[in-house]
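I have placed the structure first, in the form of structure tokens, so that the comments after it can refer back to it.
Only this structure's heavy atoms are used, side chains among them; waters, hydrogens and symmetry mates stay out.
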Amino acid sequence: MADVIDRFMEEIEPHLVDQRRKRHKYPEIGFAEYVTTYELSEQLTHKGFELFFGRDLLTSEERMGVPSEGFLEQQEQRALGYGVPLDFLAQMKGGHTGFAAVLDTGKKGPNFAYRFDIDALPIEEEGNPPHVPAAQAFRSEVPGMMHACGHDGHAAIGLGLAEYLAKEKGSLRGKYTLIFQPAEEGGRGAKAVVDKGWLDDADYFLSGHVGIHDLPSGTVAASTSKFLASSKLNAKFIGKSAHSGLEPNAGRNALLAAASATMHLHGISRHKDGATRINVGTLHAGSGRNIIADQALMEIETRGETNELDEYMQDQALRILRASAAMFDVELETEHMGKAVSADADPGFAEIVERACGASKRLNIVPQLPIGASEDVTYMMERVRECGGKATFMIFASPLPAGHHHPRFDYEEQALSAGLEALIRTTEYLLKEGETREELAD
């Protein structure tokens, strides 16, 4: 089996790079991944997978932070112009993007599930060398959008895994579910997928993330610790406009309420029980220099090392928002836009990955690395464990010229091969072990 995997990895590496770069050139943000969903799924249509789209993938009402109807319609028209067929687009209309690909061998064995997120970020990418995508002509072609967190690579790894499973189907047992998830950024998409039941019968769940730690490519963390729970919140202050020179006393200044809230939010006392974070990411207010601002919109996130710590930050944030609104006599509207929970990988999974990858000459397996950020994959991990399965989340490290969510974010593409090989070898090892969820429970 080792020779089979080695040969496959040599053959697939150019394809991984090519697919990553195609995705990097055409990024799409959460719930608008229309072209991405189409192009990824098209590559699996004749490989023995059953594909599920739209409301078959996710529960529509459980999506969080769905973009405006106008924006989605604009992106759907753009996708049509790009070549996505109308009948295909109809399955995704209204922001129902992403898909699941299921390969059922028909032979008794474990149920495996994998998650690959596919969305990008609203960031304008660096356009000049030495930024590698700019230097090698695969920089984003979509203004204001960029794969600044490695999800282009995750999609490529998912395609590589699908290629391996299809090629080796005759020697496999059990069922394999690959979830190409929309809207990970902001913690908006995973819960809707989980609610649809995709993880309920999984014996093993594997996922991972490119980058995170600035380490040599080939370094793979078998499990991840320190997921931060996170909540995303929009706060809208509604005041009253007035002439700023003629009658400033007639106005109620929403901008001042938002500015006051911003300062005080960042002053929330951090908690003694663990890491806590808050960030006001955007603040848009007012309409002109001589007009008392009647509206202000803030985009806020909190994080905590546990669900309880994130709840503490949320409670404090809401208290400050309400107090700021009252102080300037304006109204306040809040809307929850996304959420991720804290979770842990199964303690024994690190040893499994280490044993599975022991024969590799390319991988350096470390038992665990902290993520120190939030990931809505935790919803999936928790559901699998609640239902009696085992779950892990790996890190596929790489040297990083700039941090995640930065206009110059990039990573070495060898990390893609390392991630794919770790997933394949771990799958094959677990397949030999032959444990199903029922056997694990025993």
Quiz item: What's the spacing between Ser223 OG and Met381 CE if we round to 0.5 Å?
Solution: 8.5 Å

Quiz item: How about His24 and Asp152: does a side-chain donor come under 3.5 Å of a side-chain acceptor?
Solution: yes

Exercise. May I have all residue pairs that pass side-chain hydrogen bond (donor to acceptor under 3.5 Å, both in side chains) and include part of residues 397-409, sequence neighbours excluded?
Key: Glu185-His405

Practice problem: Assess whether atom NZ of Lys196 is packed by more than 12 heavy atoms of other residues, nucleotides or ligands within 6.0 Å. | Solution: yes

Practice problem: Mark yes or no for whether Glu76, through its side chain, and Gly94, through its backbone, hold a donor-acceptor pair below 3.5 Å. | Solution: yes

Quiz item: Any luck finding a side-chain donor-acceptor pair between His96 and Ser60 under 3.5 Å?
Solution: yes

Quiz item: Between Glu428 and Tyr164, does any side-chain donor sit less than 3.5 Å from a side-chain acceptor?
Solution: yes

Quiz item: Hey, are Arg425 and Asp6 close enough for a salt bridge, meaning a charged N less than 4.0 Å from a carboxylate O?
Solution: yes

Practice problem: For Glu50, enumerate each residue passing the side chain to side chain donor-acceptor pair (under 3.5 Å) test, keeping only those at least two apart in sequence or located in another chain. | Solution: none

Quiz item: Ile395 and side-chain contact (heavy atoms from CB on, under 4.5 Å): which partner among Leu369, Val220, Thr219?
Solution: Leu369

Practice problem: Determine which pairs satisfy side-chain hydrogen bond (donor to acceptor under 3.5 Å, both in side chains) with at least one residue from residues 295-304, sequence neighbours left out, and list them in order. | Solution: Lys232-Glu301, Thr282-Glu299, Glu301-Arg303, Thr302-Asp310, Thr302-Gln314, Arg303-Ser374

Quiz item: Do the ring centers of Phe116 and His154 come within less than 6.0 Å of each other?
Solution: no

Self-check item: Exceeds 12 heavy-atom contacts within 6.0 angstrom, atom NE2 of His131
Solution: yes

Self-check item: Salt-bridge contact Glu28-Arg78 (side-chain N to carboxylate O under 4.0 Å)
Solution: yes

Quiz item: Is there a salt bridge (Lys or Arg N to Asp or Glu O under 4.0 Å) between Asp346 and Arg385 once you walk through the steps?
Solution: CA-CA 8 Å; Asp346 278 276; Arg385 297 186 70 187; 3.4 Å; yes

Quiz prompt | Qualifying residues under side-chain contact (heavy atoms from CB on, under 4.5 Å), relative to Ser244, sequence neighbours excluded | solution = Asn290, Ile292

Quiz item: Do Ser217 and Glu412 have side-chain atoms, one donor and one acceptor, less than 3.5 Å apart?
Solution: yes

Quiz item: Cationic tip of Arg63 within the cone over Phe31's six-membered ring, i.e. under 6.0 Å and within 45° of the normal?
Solution: yes

Self-check item: CD-CD distance between Glu163 and Glu11, expressed to the nearest 0.5 angstrom
Solution: 9.5 Å

Practice problem: State which residues pass side-chain contact (heavy atoms from CB on, under 4.5 Å) with Glu10; sequence neighbours excluded, sorted by chain then number. | Solution: none

Quiz item: What pairs of residues pass the ring pair (Phe, Tyr, Trp, His ring centres under 6.0 Å) test when at least one of them lies in residues 279-303, not counting sequence neighbours?
Solution: none

Quiz item: What distance do Tyr176 atom OH and Phe49 atom CZ have between them, rounded to the nearest 0.5 Å?
Solution: 10.5 Å

Self-check item: Any pair counted as salt bridge (Lys or Arg N to Asp or Glu O under 4.0 Å), so long as it reaches residues 132-149, sequence neighbours left out
Solution: Lys25-Glu141, Glu124-Arg139

Practice problem: Output yes when Arg362 and Glu421 qualify as a salt bridge under the 4.0 Å nitrogen-oxygen rule, no when they do not. | Solution: yes

Quiz item: Can you list the steps and then say if Gln19 with Gln43 is a side chain to side chain donor-acceptor pair (under 3.5 Å)?
Solution: CA-CA 11 Å; Gln19 290 302 312; Gln43 298 190 56; 2.7 Å; yes

Quiz item: Who pairs with Glu311 by side-chain contact (heavy atoms from CB on, under 4.5 Å), at least two apart in sequence or on another chain?
Solution: Asp315

Quiz item: What distance separates Ile371 CD1 from Thr378 OG1, expressed to the nearest 0.5 Å?
Solution: 9.5 Å

Quiz prompt | NZ/NE/NH1/NH2 to OD/OE distance under 4.0 Å, Glu305 and Lys226 | solution = no

Exercise. Sort out for me which residue in Glu62, Glu61, Glu382 forms a salt bridge (charged side-chain N to carboxylate O under 4.0 Å, His left out) with Lys191.
Key: Glu62

Quiz item: Hey, are Ser140 and Glu125 close enough side-chain-wise for a donor-acceptor pair under 3.5 Å?
Solution: no

Practice problem: Decide whether a cation-pi geometry holds between Arg20 and Tyr411; the criteria are a distance under 6.0 Å from NZ or CZ to the six-membered ring centre and an angle within 45° of the ring axis. | Solution: yes

Quiz prompt | Result of checking Arg115, Lys339, Arg383, Arg188 against Asp376 for salt bridge (charged side-chain N to carboxylate O under 4.0 Å, His left out) | solution = Arg115

Self-check item: Selection residues 253-262 - residue pairs positive for salt bridge (Lys or Arg N to Asp or Glu O under 4.0 Å), sequence neighbours left out
Solution: none

Quiz item: Are the ring centres of Phe112 and Phe205 closer than 6.0 Å?
Solution: no

Quiz prompt | All side chain to side chain donor-acceptor pair (under 3.5 Å) counterparts of Lys240, not counting sequence neighbours | solution = none

Self-check item: Residue pairs fulfilling ring pair (Phe, Tyr, Trp, His ring centres under 6.0 Å) with at least one residue in residues 213-238, sequence neighbours excluded
Solution: Phe227-Phe393

Quiz item: What residues form a side-chain contact (heavy atoms from CB on, under 4.5 Å) with Glu331, not counting sequence neighbours?
Solution: Ile238

Practice problem: Might you confirm whether atom CD of Glu386 has over 12 heavy atoms from other residues, nucleotides or ligands at distances under 6.0 Å? | Solution: yes

